[in-house]
Amino acid sequence: MRLSTYFLPTLKENPADAAMASHRLMVRAGLIRPLAAGIYSWLPVGWRVMKKVMQIIREEMDAIGAQEFQLPALNPVEIWQETGRVEAFGDTLFHIKNRPLVLAPTHEEIFTTIAKDNIKSYRDLPQIWYQIQTKFRNEPRPRSGVIRGRQFFMKDSYSFDRSFEELDKSYGLHREAYKKIYTRSGLKFFIVGASSGAMGGTGSQEFMVESPDGEDTCAVCDSCGYAANLEVASSRVKPVGRLEASNPVEEIHTPNIKTIDQLAEFLKISTERLAKSLVYKADDSAVLVLMSGNDQLNEAKLTAALGKNAKAMEPAELAAFTGANAGSIGPVGLKNFRIIADRRLEEANELISGANKDDFHVAHIDFSRDVKIDGYFDLRTIEAGEQCPNCGHALRIVNAIEIGHIFKLGTKYSVSLHANYLDEAGAEKPVVMGSYGIGVERIIACHIEQNHDESGIKWGVSIAPFDVHLASVNMDNEDVVAAAEKLFTELTEAGIEVLYDDRRGVSPGFKFKDADLLGMPVQVIVGERNLKQGNIELKIRRTGERKVVPGAQVLDEIRNLLRN
RNA sequence: CGGGGCGUGGCUCAGCCCGGUUAGAGCGCUUGGUUCGGGACCAAGAGGUCGUGGGUUCGAAUCCCACCGCCCCGACCA
């Protein structure tokens, strides 16, 4: 490709509204242009990268026997109503104004409908279907460039199996395929156990790229490899347990005590035996959540425990429900609440909690004697430095960007959409499903996050828009032009993708800066200086290393560099 | 949706607080010339409803109100 005629607008200055390096560089290097919040146009050089990533995904999906579809982005809203996901997605789902249609944010419903209509027998199973489609989500707050957009490409695949055992197999195939996809895309990534959310399902894992700008938080053990999204991460924390003394409950006056720390200070005891009360609302029912001391409630865990989303109750509502303000709520004598507690508090005694009237607490509470707990769940948010649940090593907590999610769905969609098959015995059974997603843009953004410097992008060969950036230093020098043209032809004929900077009237420094910004793996610099000796200069973008080689060896040398 | 910031040629920004010639700079763009190994130089040019609407005023980029857009933090993120 000749740069003189290629549409590749580069920017010298950073765009004002880009915070992350990948975002800045994608705009500066002419990959994308913003159109509206969370909506981007892909320019030719960016689209080349996108197509390469998609090709890697296709090859690895095809390799596990997956079959590519292309499904509509416009979906009848009825299908989404059947699975209850119009409500589940809420405002995130885009609705078409003048037809009862929605813009699909994902495609479980449509694939399942096709399965329902066409998969009748155990002989039709298993199947793995996928597509690479534009998804639409009305994100409340798009951010980080293409990492969270309102329109984005997702590779989504779905497995259909006869049993949960076979689902495990399909799930495993995806897990291995994903590892290959990310590895081939040149990413350093890790896999974490993840939340299945309120939608059910029997297990899921996320593929993560560590980044300070990541929206997810994960616990990582550097010793045994344990890694989990904070939504599900656990650690070895001591249960609060039982003390020998078991006094009857007693109301104590605690004037103007609002926080756990104040209470601990006032009573001269550790925070651990203070059962902190948090009041939530799930649908229209009230839930009291008890945590030990300053343990932080993890709302994702709460959602998993309740099986539905819960919201912290507003102070006014709280007072109406309980007659006391936050800070004075407690489980003893509390009516009309479902009461659940964190595992650390299981069967504990000698606890102190709110008395449901301001300025009073109740002491000597025994959870197995004085309170009816509807269940103990792991509800606390773990903290950095706590012990790994597997090996006891100190856990690290890192931010990460989610680049893929694999999910054992089970029968949720097949049951609600009646996707059944007849087994060998003639019994009708729901198909067992899995769903698996990859954010295509995120692969590109993360690749840049992991491969850039002050000057620009440092593409890995596998997804670089071009293999070689060929720059003719001076287009007014006939020998230089002739040598560059010859190289352009030779390299192209050798099947190497070349971006050839043949622009006239552009100074050498300008060309070099552009080459570094654009970041092709190998730069080939044809200039008078080296050409006098019949030499060509090669620069490896990743390392900055320069080699001056005889013209006759250039092709071999480049081939060699691209192989590594 | 809550909190904060911003909106001025294509890009990055100054001017606004304290209203008053013709609204500026750098980069980019056009033309001519000189350059030619790390974002060259000289000269001459083109290009702006100062986000939109309303208000205050003799007079508004500047003050006031509303709205729209964009970014950041939070909430949210099957």
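As a basis for the values below, the full set of heavy atoms in this structure was taken, side chains included, without hydrogen atoms, waters or symmetry mates. Below, chains carry the letters A, B, ... as their sequence lines are ordered, and counting in each starts from 1.
At a cut-off of 3.5 Å, with distance as the only test, no side-chain donor of A:Glu109 or A:Asn75 sits close to an acceptor on the other residue. Under the 3.5 Å distance criterion, with hydrogens and angles disregarded, a donor-acceptor pair is assigned to the side chains of A:His174 and A:Ser157.
Here A:Pro105 lies out of heavy-atom contact (under 4.0 Å) with every strand. Contact annotation for A:Ala36: backbone-only contact, meaning every heavy-atom pair under 4.0 Å involves sugar-phosphate atoms and none involves a base. When heavy atoms are screened at a 4.0 angstrom cut-off, A:Ser435 is found touching no nucleic acid atom at all. Residue A:Lys539 is classed as a base contact, given a heavy-atom separation below 4.0 Å to a base. Contacts of A:Asp216 with the nucleic acid, taken as non-hydrogen atoms under 4.0 Å apart, are absent. Looking at heavy-atom distances under 4.0 Å, A:Glu231 makes no contact with the nucleic acid at all.
Atom CD in A:Glu215 sits about 13 Å away from atom P in B:C76, given to the nearest Å. At whole-Å resolution of the value, CZ in A:Arg143 and P in B:C1 are 16 Å apart. Whole-Å rounding puts the A:Arg504 CZ to B:C36 P distance at 16 Å.
Counting atom types as modelled, A:Asp516 pairs a side-chain N or O with a base atom of B:G38 as donor and acceptor under 3.5 Å. For A:Asp17 against B:C70, no side-chain N or O and base N or O form a donor-acceptor pair under 3.5 Å. The base of B:G39 sits with one of its N or O atoms less than 3.5 Å from a complementary donor or acceptor on the side chain of A:Arg28. Side chain A:Glu537 to base B:G37: a donor-acceptor pair is found below 3.5 Å. The base of B:G38 lies close enough to the side chain of A:Arg546 for a donor and an acceptor atom to sit less than 3.5 Å apart. Contact of A:Arg148 with B:C77 (side chain to base): a donor-acceptor pair of N or O atoms is detected under 3.5 Å.
Within 6.0 Å of atom CD in A:Glu87, 12 or fewer heavy atoms from other residues, nucleotides or ligands are found, so the atom counts as exposed in its surroundings.
In this structure, A:Phe207 and A:Tyr182 have tilted ring planes: the angle between them lies in the 30° to 60° band. Using cut-offs of 30° and 60° for the angle between ring planes, the A:Phe466 and A:Tyr6 rings count as perpendicular. Using the six-membered ring where Trp is involved, A:Phe160 and A:Trp129 have ring planes that are tilted, between 30° and 60° apart.
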Hey, what are the protein-to-nucleotides 47-52 of chain B N/O distances that come in under 3.5 Å?
none

Please list each protein N or O that sits under 3.5 Å from an N or O in nucleotides 24-31 of chain B, with the distance.
{"unit_1": "B:G26", "atom_1": "N2", "unit_2": "A:Glu13", "atom_2": "OE1", "d": "3.2"}

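When every heavy atom of A:Glu139 is checked against every heavy atom of A:Gly149, the shortest pair comes out as CG-O, 3.5 Å.
Separation of the P atoms belonging to B:U52 and B:G33 is 41 Å when rounded to the nearest angstrom.
Between A:Tyr436 and A:Tyr178, the gap from one ring centroid to the other reaches at least 6.0 Å.
Pair assignment for B:C77 gives none, since no Watson-Crick or G-U wobble pairing has each distance under 3.5 Å.
Under the 3.5 Å distance criterion, the side-chain polar atoms of A:Tyr40 are left unmatched by any main-chain donor or acceptor of A:Leu31.
Electrostatic pairing of A:Glu108 and A:Arg85 counts as a salt bridge here, judged by a charged N lying under 4.0 Å from a carboxylate O.
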